[in-house]
Structures are given as C-alpha cells and as structure tokens.
Amino acid sequence: MYNNIFDTHSHYDDGQFDGDRARLIASLPGKGVDKIVSCGCDIPSTTANKVLAERYDFLYFAAGFQPENLEDVGIDQLQLIRQFAKHEKCVAIGEIGLDYYWMASDKEKQKQFFVEQIKLAKDMDMPVIVHDRDAHGDTLEILKEYQPKGVLHCFSGSKEMAREIIKIGMYIGLNGVVTFKNARKSLEVVQDIPLDRLVLETDCPYLAPEPHRGKRNDSSYIPYIAERIGDAVGKSAQEILDITNANAKRLYNL
C-alpha cells in the first residue's frame, strides 16, 4: 500500500460528501493519506472546512473567495477571510484567482478580488492557492506583479507558463487530469519542471483519475496520479508521493 499521500486541494464540504463524509474522511489515514487541505470558495464553504479541520487532526483548510463565487460579495467581506486566516489550522488564502470560462462575475471584479486577496496573503505571510481557468495571460500578469508564494492548482497551462510560475517561486498542482487520454500537455509540464516544485491534489469530489473518471473523487485516488507521473519521469509512484509530500509541507509551512 502507498503512504505519504498529501492532497493539497480538495472540497470535502461539497454536497456530494453529505451522505458519508465523516466515515469517508476517517477512513483516509488507513489508505495512506497523510494530510489534506480542504479549500474555501466563499464564506459558507470556508466555514464548513474550518469545522472539518477542527474535527480531524490531519485535515487543514484554506480561506478565500473563488472567482465563481463573487456575486453579491463586497470587497469589505475580505475582513472575514482575514479572521479565518488567523485560525491555527488555516494554511493558505484560497482558492482565489480568475475564471473566464464561467464568467459568473465580470473580469474587473475578479481581478480586484484576486489582487486584494494576494495582498492579504502577503500581509499575513501566507501562501495563495490560485484558480486559473481560461485566464492564463491575466493570471500570470498579476502573479508576476505581486509575486506571492503559493500554488497554481489544477495547472492547465503550457510548460512555458509553468516555468514562469516557478520563477516566481510558486508550485504547480496537478490532479487526475494527468491520467486522462488527452493529458499530453500536463505530462510535458511534469517532464519539464523540477520535481521539487510539484504538488498533487484531487480537487475532489471532481476530476477523479482513470480508472475512476466520472465518479466521485477522494484523496485515496492520488496514487493513480503518482503512478502516471512516475511513468513519465522514470520514478516509482511512492517516490513521487514522498517528494510531493515534502513539497506540500514546505508550501503550507507544516
């Protein structure tokens, strides 16, 4: 059995876990899971993840406004994120960023919240967890300008973009997408970047890896990701899990 699994990005507050959340989370250490970070997208989800982090010693949380969750939210509500960030189990500001695919709010509001949450993270000496969908150019521009520490989660950019992210000092987060048949770009990134800048994630309950694609995802599926990445770089899955576990602890200061 694999061990040292660190799921750097999950959503255990999601409704898909309502039927068996406590039983599932409690079972994960027995499946080799070492640590989990469950990410907020707004105030209710951040609150729910805080409660989970208080309940399970191996689970931590992140606090933030995701770009799809900005409707009816004023910039003054970032004071609530600041309060969450003071919690001993809060390890990052996130997930934050830009999403031009769904466009639930206009680009200018997204950029404003992204920048202000980066500033908040820097003020509190915390990493950010960045969401970037169909917004590579603006995401990179803002990250280059403000130079936060953190991770670009569910990375979908080119290896050239990955190099720029690493130059800033950030990490690249990869998930079940690398196991999909059309994952050529993700595997090119893995083969190009230094392994000390890679972390693994599920984004569960979404993006389950092959052979579970389309089903509900959870942290115990990360070894499928490690196996695929290991094949691409000539290392065993356990070596990938060990390396990315150490990276994640450095990223989240654990």
Side-chain angles (χ1 to χ4, degrees), residues 2-14 25 28-29 31-41 45-46 49-50 52-53 56-64 66 85 89-97 121 126-133 143 148-157 162 165-166 168-179 186 189-190 193-209 217-230 237-254:
Y2 293 114
N3 57 43
N4 252 354
I5 297 166
F6 195 136
D7 186 353
T8 61
H9 193 111
S10 63
H11 296 280
Y12 279 106
D13 61 293
D14 190 277
I25 294 175
L28 292 171
K31 298 172 182 173
V33 175
D34 177 31
K35 287 183 170 45
I36 296 167
V37 175
S38 198
C39 301
C41 295
S45 58
T46 298
N49 286 315
K50 177 176 87 77
L52 290 174
Y56 302 97
D57 60 354
F58 57 91
L59 192 149
Y60 298 80
F61 79 104
Q66 207 248 27
K89 295 292 293 285
C90 186
V91 294
I93 302 300
E95 64 183 284
I96 66 175
M126 293 178 79
V128 293
I129 299 171
V130 178
H131 171 105
D132 160 32
R133 189 164 187 192
L143 292 176
K149 56 186 179 182
V151 57
L152 193 49
H153 111 92
C154 193
F155 184 78
S156 59
I165 295 298
I166 287 164
I168 295 166
M170 296 180 71
Y171 291 79
I172 300 290
L174 292 177
N175 54 28
V177 172
V178 303
T179 68
S186 298
V189 166
V190 159
I193 66 171
L195 285 180
D196 67 356
R197 287 282 140 189
L198 175 68
V199 293
L200 304 184
E201 57 169 80
T202 55
D203 206 15
C204 68
Y206 312 105
L207 298 174
N217 198 5
D218 71 62
S219 304
S220 68
Y221 290 167
I222 279 188
Y224 293 108
I225 304 165
E227 286 170 356
R228 188 69 190 90
I229 289 172
Q238 188 59 59
E239 283 178 289
I240 297 297
L241 292 171
D242 293 342
I243 291 166
T244 53
N245 180 294
N247 295 345
K249 285 174 178 167
R250 216 164 42 241
L251 162 64
Y252 290 135
N253 199 28
L254 292 172

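- For S10 (side chain) and D203 (main-chain N/O), no donor-acceptor pair under 3.5 Å exists by modelled atom type.
- The aromatic rings of H153 and H9 sit parallel, their planes meeting at an angle under 30°, below the 60° perpendicular limit.
- The shortest heavy-atom contact between M126 and C90 is CE-O, 3.5 Å.
- Between the side chain of R250 and the backbone N or O of D196, at least one donor-acceptor pair lies under 3.5 Å.
- For the residue pair T202/D7, the side-chain donor-acceptor check at 3.5 Å is satisfied.
- Y56 meets the ring pair (Phe, Tyr, Trp, His ring centres under 6.0 Å) test with F58; sequence neighbours excluded.
- A donor-acceptor pair under 3.5 Å is formed between the side chain of N245 and the backbone N or O of N4.
- Shortest non-hydrogen contact noted between I240 and I229 is CD1-CG2, 4.0 Å.
- The closest donor-acceptor contact from the side chain of H11 to the backbone of P205 lies at 3.5 Å or more, if one exists at all.
- Remark: the backbone N or O of N247 is not paired with any side-chain donor or acceptor of R197 at under 3.5 angstrom.
- Judged purely by atom type and a 3.5 angstrom limit, D132 has no side-chain atom pairing as donor or acceptor with the backbone of G97.
- Atom OH in Y2 sits 3.5 Å away from atom CD in E227 (nearest 0.5 Å).
- None of L52, V91, T46, I36 except one satisfies the side chain to side chain contact (heavy atoms under 4.5 Å, CB included) rule with F61; the exception is T46.
- Formation of a donor-acceptor pair under 3.5 Å by the Q66 side chain with backbone atoms of G40 is not found in this model.
- When atom types are taken as modelled, the side chain of S38 and the backbone of Y12 share a donor-acceptor pair closer than 3.5 angstrom.
- When atom types are taken as modelled, the side chain of T8 and the backbone of L200 share a donor-acceptor pair closer than 3.5 angstrom.
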Item to check | Verdict with reasoning, H131 to C154, per side chain to side chain contact (heavy atoms under 4.5 Å, CB included) | outcome: CA-CA 7 Å; H131 171 105; C154 193; over 6 Å; no

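- Atom CD1 in I243 sits 8.5 Å away from atom CG in L198 (nearest 0.5 Å).
- The CZ atom of F6 sits 7.5 Å away from the OH atom of Y60 when rounded to the nearest 0.5 Å.
- Tested against V128 for a side chain to side chain contact (heavy atoms under 4.5 Å, CB included), the candidates V151, I96, L152 yield a single pass: I96.
- Under the salt bridge (Lys or Arg N to Asp or Glu O under 4.0 Å) criterion, K249 pairs with D34, sequence neighbours left out.
- Using modelled atom types, one finds no donor on one side chain facing an acceptor on the other under 3.5 Å when comparing N175 with Y206.
- Scanning both residues, I168 and P148, for their nearest heavy atoms gives CG2-O, 3.8 Å.
- Nearest heavy atoms, P127 versus A121: O-CB, 4.4 Å.
- Between the K89 side chain and the A53 main chain, a donor and an acceptor come within less than 3.5 Å of each other.
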